[in-house]
Amino acid sequence: MMNKKEIIKVLEQIAVYMEIKGENAFRVSAYRKAAQALEQDERSLRDIDDVSKLNGIGKGTAAIINELIETGESSVLNELKEEIPEGLIPLLKLPGLGGKKLGKLYQELGVKDRETLKEACESNRIQELAGFGKKSEEKILHALEEANTRPERLPIATVEKAAQFLKDRLASLEDVRRFELAGSYRRARETVKDLDFIVSTDAPASVRESLLNMGEIGEIIGQGDTKLSFTVIIDDDFPLSVDVRLVEDEAFATTLHHFTGSKDHNVLMRQLAKDQGEKISEYGVENVETGEVKTFEDETAFFNHFGLSFIPPEVREGRDELAQFPKDSDLQLISNDDIRGDLHMHTTWSDGAHSIDEMIEACRTRGYDMMAITDHSQFLKVANGLTVERLKRQHEQVRMYNEQYEDMTIFTGIEMDILPDGSLDYDDDVLENIDFVIASIHSSFQQDRNTIQQRLETAARHPKVAMIAHPTGRLIGRRDGYDVDLDWLIDLAKETGTILECNANPNRLDLSAEWLEKAQKAGVPIAINTDAHRIEMLDHMPMGVSTAKRGWLNADSVVNTWGAERLKAWIDKKQT
DNA sequence: GCCGTTTTCGGCCCGACTGTTTTCAGTCG
């Protein structure tokens, strides 16, 4: 029997094949919408009695889904596959090639995969085709070469530096009135395709000039009056695509909203506008009857115009955010201002770069009133993990600092390894006097699910273990986590009163937004921590908060908002 | 293909830019 994920994939595949076949674009997107409807429904396939009741799934797509459930195959997809070579599918990802053009290349030149496309370019047959030319041919060849070297989406951690560089650059330009980084970066997706900047200026030509004269420009992809596309190369790395929109200040809010997306969110907003006789574009909201265009000072005013309150970019995914944020909404998603402390960080005692008091001062600067010093335990020798003796000495120091600072509660802590054999790295009597014990896995990732889960269960059931850190162990774009059933882990955390972490390091973001959402529903408290190994890494906190927002977490689900006393009471409760 | 007290047909978000044309289709976000 096919699972939901596989069915979603089939529907999306059908859409892609139809696109190349040259089917009506609305028909194509109907299949995508059906896939989306399935994806956004939280229920498992078994719990949905009639798929055609879902909004976006009708007679046709329901028949396909039911056929898949019954037979594991789709006759529609099978027929499409007979008709259209599979090798064409990945070619759709090449910039500049859509379904129409690819269909033509297939029909007229017999292009059926990368190789035949390359040959067609090299034998100069493409420029002969109506609608194509010399430039198209060169672009396709170029795109084919690029596709080998560049991944499609990049983990946000890898674009952080370039994003900061461009922000600094724009901030330094006199002709820039205000600007913002929009797109999926602003929505805090885990990976991004490019960086989208919205820039308010009265002198677009000057800003364009300044940007294009930066030394870090790779190639200019396109430029018009309001739009500028180029690649930047920061750090001798790969080229990263950047889109800049230059707008007059009165259009800034609507342009920012438009290019923050998501596409699906924009569609919802535009339908809402249409229902009240208006039309949304980058430039404002037009009254269809009078043609009058209204502009807004900021996004809040824009949302208010439609009877909504400000919808955080992180939840603009075209789900039910419009219904969740009416003007008088009392829904308070977690925000940066709610965070009162950071409960996972390292110092020079293990593999951190700064001393205990340097970290304390850094946390005070960030306005916190609680924190935990959590170095590595003895098992992690490469990280200079603390022996029992060193641990005790460190904690004496931490307690001393805790006495010293009246405005900060400093918990003694440890990030204790869960060993490959399933045991914990310290004996109970060592753990006895520690305020905040974190348990985590740093070794033997390849063990089977059962073994991994036994390790996690030992930790979660231990009365002194307050939290499990980076619960999946993944590194985005680099390493999958270990094998764990997260539904199981969330149930276990709920049963044992164990906090789960949302690790704010942009390489991790672990748990991810979708699991945070499930954890909150189950009533499991979440801690958002930076796992900082140096002072600057404390500034990853907003990435964690944004991830939490994507998971619709409210402030009360996040222990960082509780304050030291309430947190301590929660930990104590587990031990009794 | 889906949807609907503006409903069973005729829409389906909207606009910029490119390369091809010589007024526009295709692609993209």
Side-chain angles (χ1 to χ4, degrees), chain A residues 11 14-15 18-37 51-65 76 91-105 126-140 143 182-187 192-198 204 220-230 241-247 251 254-286 288 293 316 318:
Chain A
L11 290 168
I14 292 176
M18 284 187 161
E19 213 174 335
I20 297 174
K21 212 183 141 191
E23 281 280 4
N24 175 293
F26 296 111
R27 201 174 165 202
V28 173
S29 75
Y31 283 91
R32 298 221 163 90
K33 269 188 199 148
Q36 221 166 20
V51 283
S52 68
K53 280 187 186 147
L54 294 184
N55 194 11
I57 297 180
K59 245 168 88 184
T61 44
I64 291 171
I65 294 168
V76 174
L91 300 183
L92 255 189
K93 298 242 162 103
L94 297 176
L97 277 189
K100 295 250 167 62
K101 287 194 169 173
L102 208 48
K104 196 158 192 180
L105 290 171
I126 288 180
Q127 49 177 292
E128 308 294 330
L129 282 183
F132 292 80
K134 217 178 164 86
K135 260 194 165 156
S136 324
E137 197 172 85
E138 283 165 11
K139 270 197 158 178
I140 291 170
S184 47
Y185 191 97
R186 184 163 182 242
R187 301 202 314 280
V192 299
K193 217 167 71 152
D194 56 15
L195 297 178
D196 297 294
F197 284 94
I198 313 303
I220 299 167
I221 299 165
Q223 51 175 324
D225 291 339
T226 66
K227 192 186 156 179
L228 182 58
S229 296
F230 52 85
S241 302
V242 180
D243 280 350
V244 181
R245 298 274 163 164
L246 304 162
V247 296
T254 36
T255 306
L256 176 61
H257 176 263
H258 176 82
F259 287 103
T260 296
S262 63
K263 210 177 188 177
D264 296 324
H265 168 82
N266 288 353
V267 169
L268 291 184
M269 288 299 296
R270 283 169 173 182
Q271 278 163 350
L272 180 65
K274 217 174 155 178
D275 290 344
Q276 56 188 61
E278 293 177 321
K279 204 168 82 174
I280 299 176
S281 82
E282 292 111 285
Y283 301 106
V285 176
E286 182 187 331
V288 176
V293 176
R316 298 183 198 167

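Here is how names work: the chains are called A, B, and so on, in the same order as the sequence lines, proteins then strands, and each is numbered from 1. Values in this document were obtained by computation on a predicted structure and should not be read as measured data.
Between the CD1 atom of I57(A) and the C1' atom of dG1(B) there is a distance of 12 Å, rounded to whole Å. If you measure from atom NZ of K193(A) to atom P of dT27(B), you get 14 Å, rounded to the nearest angstrom. Rounding to whole angstrom units, CZ of residue R316(A) and C1' of dG29(B) are separated by 16 Å. Nucleotide dG29(B) holds its P atom 19 Å from the NE2 atom of H265(A), rounded to whole Å. One interatomic measurement links the two molecules: CG of N24(A) to C1' of dG11(B), which rounds to 11 Å at whole-angstrom precision. Whole-Å rounding puts the L272(A) CG to dC14(B) C1' distance at 16 Å. D264(A) places its CG atom 15 Å from the P atom of dG29(B), with the value rounded to the nearest Å. In this structure, M269(A) places its CE atom 18 Å from C1' of dG29(B), rounding to the nearest Å.
Shown here are the ring-ring contact (aromatic ring centres under 6.0 Å, His included) partners of H257(A), two or more places apart in sequence or in another chain: H265(A), F302(A), F303(A).
Heavy atoms of I221(A) sit nowhere under 4.0 angstrom from any nucleic acid atom. Within the nucleic acid shown, Q223(A) comes within 4.0 Å of sugar-phosphate atoms alone, with no base atom in reach, counting heavy atoms only. Using a 4.0 Å heavy-atom criterion, one finds that L94(A) contacts the sugar-phosphate atoms exclusively. Among the protein residues, K33(A) comes within range of no part of the nucleic acid, since none of its heavy atoms lies under 4.0 Å from any strand.
Taking only side-chain nitrogens and oxygens, N55(A) never comes nearer than 4.0 Å to OP1 or OP2 of dC2(B). In this structure, T226(A) reaches the dC17(B) phosphate: one of its side-chain N or O atoms is under 4.0 Å from OP1 or OP2. Side-chain nitrogen and oxygen atoms of S29(A) include none within less than 4.0 Å of the OP1 or OP2 phosphate oxygen of dC12(B). In this model, the phosphate group of dT18(B) is not approached by any side-chain N or O of K227(A) to a distance below 4.0 Å at OP1 or OP2. Under 4.0 angstrom from either OP1 or OP2 of dC14(B) there lies no side-chain N or O belonging to Y283(A).
Formation of a donor-acceptor pair under 3.5 Å by the R187(A) side chain with backbone atoms of T260(A) is found in this model. No donor-acceptor distance shorter than 3.5 angstrom exists from the side chain of D196(A) to the backbone of D243(A), with no hydrogens or angles considered. One N or O on the side chain of E137(A) and one on the backbone of I126(A) form a donor-acceptor pair closer than 3.5 Å. S52(A) contributes no side-chain N or O that, together with a main-chain N or O of A62(A), makes up a donor-acceptor pair within less than 3.5 Å.
Taking atom P in both dG15(B) and dG10(B), one finds a spacing of 24 Å when rounded to whole Å. A gap of 10 Å separates the C1' atoms of dT20(B) and dG26(B), to the nearest Å. Taking atom P in both dT6(B) and dG1(B), the straight-line distance is 27 Å, to the nearest Å. Atom name C1', nucleotides dG11(B) and dC17(B): the rounded distance is 27 Å, in whole Å. Nucleotides dC12(B) and dG19(B) are separated by 30 Å at their P atoms, to the nearest Å.
Considering only heavy atoms from C-beta on, V51(A) stays 4.5 Å or farther from T61(A) through its side chain.
Across all strands shown, dT8(B) forms no Watson-Crick or G-U wobble pair with both key distances under 3.5 Å.
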What does nucleotides 20-26 of chain B look like as a protein-contact string, B for base, S for sugar-phosphate only, - for none, at under 4.0 angstrom between heavy atoms? S-----S
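The side chain of A30(A) lies closest to dC2(B) when the candidates are dC12(B), dC2(B), dG15(B). Side-chain proximity of K59(A) to the nucleotides dC17(B), dC2(B), dC12(B) is greatest for dC2(B). Taking the side chain of K139(A) as heavy atoms from C-beta on, and the options dT18(B), dG1(B), dG29(B), the nearest nucleotide is dT18(B).
Seen from the ring of F132(A), K104(A) does not count as a face-on cation partner, given the 6.0 Å and 45° thresholds.
Residues E278(A) and D275(A) both approach DNA chain B. Their nearest nucleotides, taken by heavy-atom distance, put D275(A) toward the 5′ side. DNA chain B is contacted by both K274(A) and D243(A); K274(A) maps to the nucleotide lying nearer its 5′ end (nearest heavy atom per residue).
Contact detail for M18(A) and V28(A): the closest heavy-atom pair is CB-CG2, 3.9 Å.
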Give the C-alpha distance, both sets of side-chain angles, the deciding distance and a yes or no for salt bridge (charged side-chain N to carboxylate O under 4.0 Å, His left out) between R27(A) and E19(A). CA-CA 9 Å; R27(A) 201 174 165 202; E19(A) 213 174 335; over 6 Å; no
